[in-house]
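Step one of this worksheet: look at the structure below.
Everything numeric in this text was worked out from a predicted model, so none of it was measured. All residue numbers refer to positions in the sequence shown, counting from 1.
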Amino acid sequence: VSRPSSACPTSAAERVEAIPPVSTDDPSIPPLIVCGALNMDLITVCGDHVIGEGQLKSKVSGNDFSTAAGGKGLNQSMAAALLLKKLREMSIKASARLPTIRLIGAVGKDGNGAALREELASAGVDTELLFEDSKHPTGVANIMNIPEEGSSHGVDTRMMVNVDGANKSLWQKHVMDAFAHLSDKHGVDGLRGGVLCLQCELELQTNLAALERAQAYGLTTVMRPGGTMMEDMLGESVEYLSLIDVFCAQDDEMIKLARVIEQKKPAWDEAKLAGYKNKMMQCVQCGYGGADGDQNTGQGIQREDWCKKLVALATAGGAIARLGVHYTIALLMKNSTAYGGFGGCVVVSRHRLSQVPLPAEWSDHNWRCHLYPTPDGDERMLVLETQPLHKTIDTTGSADAFIGPLALQLTSSVRDVFGLSNQIVNRLPLACALASLSLRHLGASTAYKETYVNSTETPKKIVNGPFLDVDRLSLIHI
């Protein structure tokens, strides 16, 4: 795939300088590389009466304020690194050869940038490829929440203002230089078996450069889209999707993007889709006890509406998969009231999938797994429905809490050390559980630290209890 050229402005290249490394690692082990944005989140919880839908006032009163490390790049790298750190502490395989988490990103030469670097280092993320921009401040996200009544949520995000700052200074030249450095460090074939995570918060050409480098070096690629970045990428060429191995998006984002793809390359005719919809309704009925069974799914959604949603996700995932993506994963987050903030995931593949092995006790918590057809064939879609393991406080960063651990499990060294199969579906329960656990605290990075470091709750704590088998990297009974 040829990529349109986009020169890196000389001024940006001159003002960006590398930060010294903060960790050591084994260069013979393929790494998990995250390329993405870093922000300092400024989180305000307002009174429940001061901001209505679409309404702002010149002055409002706040009930609480906190700061937290954020940005999708930072979130994913921290979620993966904290899990890796906990495994090294708890597993009998602690001395095994496990990967280093490396972050490619940019921060300003300011207090927020220093705080983010310190946060990453304490989590075990290697920041050798984190760049410092002396002309722009570290990215900031102003997040305004109000208490949400009548649901399991603690807060409802009513407004978010992102200031990109130094994130916009990360150009494709820096990505190319970073991969050249990694190639020198790990050797010509030393990156093969590693994983690259990308998100939507960097410039389009920066992400395209990273995808092409990843393909050249044999890394598995995981993309989380959002905003208009994927639409812009498809505006360049739909063939860019063939550079992505795992495409992971929120359910509404997945459906929206599929509509853009359908306008360019229609996947199925109306007659085939009509037949598929009828087949899916029968499958949904059988999956939930037949026509006389409960009319609601495990998510508390009417079967007919659930069937429509699955059809939309199957056709969306199938349309994306037809363009070369190996797996599409839709995170069930759109209907936050029904899902409790995170409701599991829907995986669509070009090939047949297998059932996810779940301990029997998890069905008591409304965790269940079903295989469904797509328009391309039987058992091409797997639906893993989950329920929150605790009261939901904040959904910020829950998607990244899923993607980081999933990407870590996709690295060849973790696969080999823990004896994981090549099927991606076997990595989903752990990722879903960690995303669910992240909902119980305000702020993404705070939630991750509480999940992995400070967890004392039983029986739902992440380690030191009957929740995670740290020697097999799998869920057990609770």
Side-chain angles (χ1 to χ4, degrees), residues 32 79-80 83 193 195 197 220-224 244-251 254 280 283-284 287 297-299 309-310 313-314 316-318 320-322 324-333 339 342-363 365-387 398-399 401-412 414-436 467-469 472-477:
L32 167 57
L83 173 58
V195 173
C197 287
T220 298
T221 54
V222 180
M223 169 66 80
R224 182 190 172 187
I244 301 171
D245 296 304
V246 181
F247 189 90
C248 188
Q250 293 181 200
D251 43 9
M254 188 77 75
M280 274 297 295
C283 291
V284 170
T297 71
Q299 306 290 357
K309 188 174 191 71
L310 291 184
L313 291 175
I320 295 170
R322 279 191 165 202
V325 177
H326 291 293
Y327 298 98
T328 66
I329 303 178
L331 304 179
L332 296 174
M333 301 177 68
Y339 299 157
F342 183 87
C345 61
V346 176
V347 183
V348 175
S349 173
R350 291 178 287 168
H351 311 288
R352 282 180 178 265
L353 298 169
S354 62
Q355 278 281 7
V356 171
L358 279 177
E361 293 87 348
W362 284 77
S363 62
H365 297 265
N366 281 327
W367 282 50
R368 43 188 164 184
C369 175
H370 297 279
L371 282 171
Y372 293 104
T374 70
D376 285 326
D378 292 336
E379 299 182 345
R380 308 289 177 92
M381 178 168 66
L382 182 139
V383 181
L384 177 57
E385 295 181 72
T386 69
Q387 289 291 309
S398 57
F402 174 94
I403 294 173
L406 175 67
L408 179 64
Q409 295 177 83
L410 290 173
T411 60
S412 59
V414 170
R415 179 198 64 204
D416 296 341
V417 167
F418 291 95
L420 302 178
S421 73
N422 290 326
Q423 277 270 12
I424 193 173
V425 296
N426 294 322
R427 295 155 170 83
L428 299 177
L430 176 60
C432 283
L434 295 174
S436 181
F467 181 77
L468 169 66
D469 184 337
R472 293 184 176 84
L473 210 55
S474 62
L475 301 180
I476 55 178
H477 64 84

For this session: Please name all residues satisfying side-chain contact (heavy atoms from CB on, under 4.5 Å) with Glu379, sequence neighbours left out, ordered by chain then number.
Result: Arg352, Leu371

Partners passing side chain to side chain donor-acceptor pair (under 3.5 Å) against [X] (at least two apart in sequence or in another chain):
{"X": "Thr220", "result": "none"}
{"X": "Ser412", "result": "none"}
{"X": "Arg350", "result": "His326"}

Problem set entry | salt bridge (Lys or Arg N to Asp or Glu O under 4.0 Å) involving Asp376 - partner list, sequence neighbours excluded | Arg322

Problem set entry | For Asp378, all residues meeting salt bridge (Lys or Arg N to Asp or Glu O under 4.0 Å), sequence neighbours excluded | Lys279

Exercise. Do side-chain atoms of Arg427 reach the backbone of Ser421 as a donor and acceptor pair under 3.5 angstrom?
Worked result: yes

Answer whether the closest heavy-atom distance between the side chains of [X] and [Y] falls below 4.5 Å.
{"X": "Ile244", "Y": "Ile320", "result": "no"}
{"X": "Leu408", "Y": "Val195", "result": "no"}
{"X": "Leu382", "Y": "Leu428", "result": "yes"}
{"X": "Gln409", "Y": "Asn426", "result": "no"}
{"X": "Asp251", "Y": "Val346", "result": "no"}
{"X": "Leu406", "Y": "Ile329", "result": "yes"}

Nearest 0.5 Å please: distance from the [atom1] atom of [X] over to the [atom2] atom of [Y].
{"X": "Ser436", "Y": "Trp367", "atom1": "OG", "atom2": "CH2", "answer": "6.0 Å"}
{"X": "Lys309", "Y": "Met280", "atom1": "NZ", "atom2": "CE", "answer": "12.5 Å"}
{"X": "His370", "Y": "Leu384", "atom1": "NE2", "atom2": "CG", "answer": "10.0 Å"}
{"X": "Thr411", "Y": "Leu420", "atom1": "OG1", "atom2": "CG", "answer": "8.5 Å"}
{"X": "Phe402", "Y": "Cys248", "atom1": "CZ", "atom2": "SG", "answer": "5.0 Å"}
{"X": "Met223", "Y": "Asp245", "atom1": "CE", "atom2": "CG", "answer": "11.5 Å"}

Closest non-hydrogen atom pair between [X] and [Y], with its separation:
{"X": "Val356", "Y": "Val425", "answer": "CG2-O, 3.4 Å"}
{"X": "Val222", "Y": "Ile403", "answer": "CG1-CG2, 4.0 Å"}
{"X": "Ala399", "Y": "Leu331", "answer": "CB-CD1, 3.6 Å"}
{"X": "Ala79", "Y": "Gly404", "answer": "CB-CA, 4.5 Å"}
{"X": "Ala80", "Y": "Leu32", "answer": "CB-CD2, 3.6 Å"}
{"X": "Gly317", "Y": "Val348", "answer": "C-CG1, 3.7 Å"}

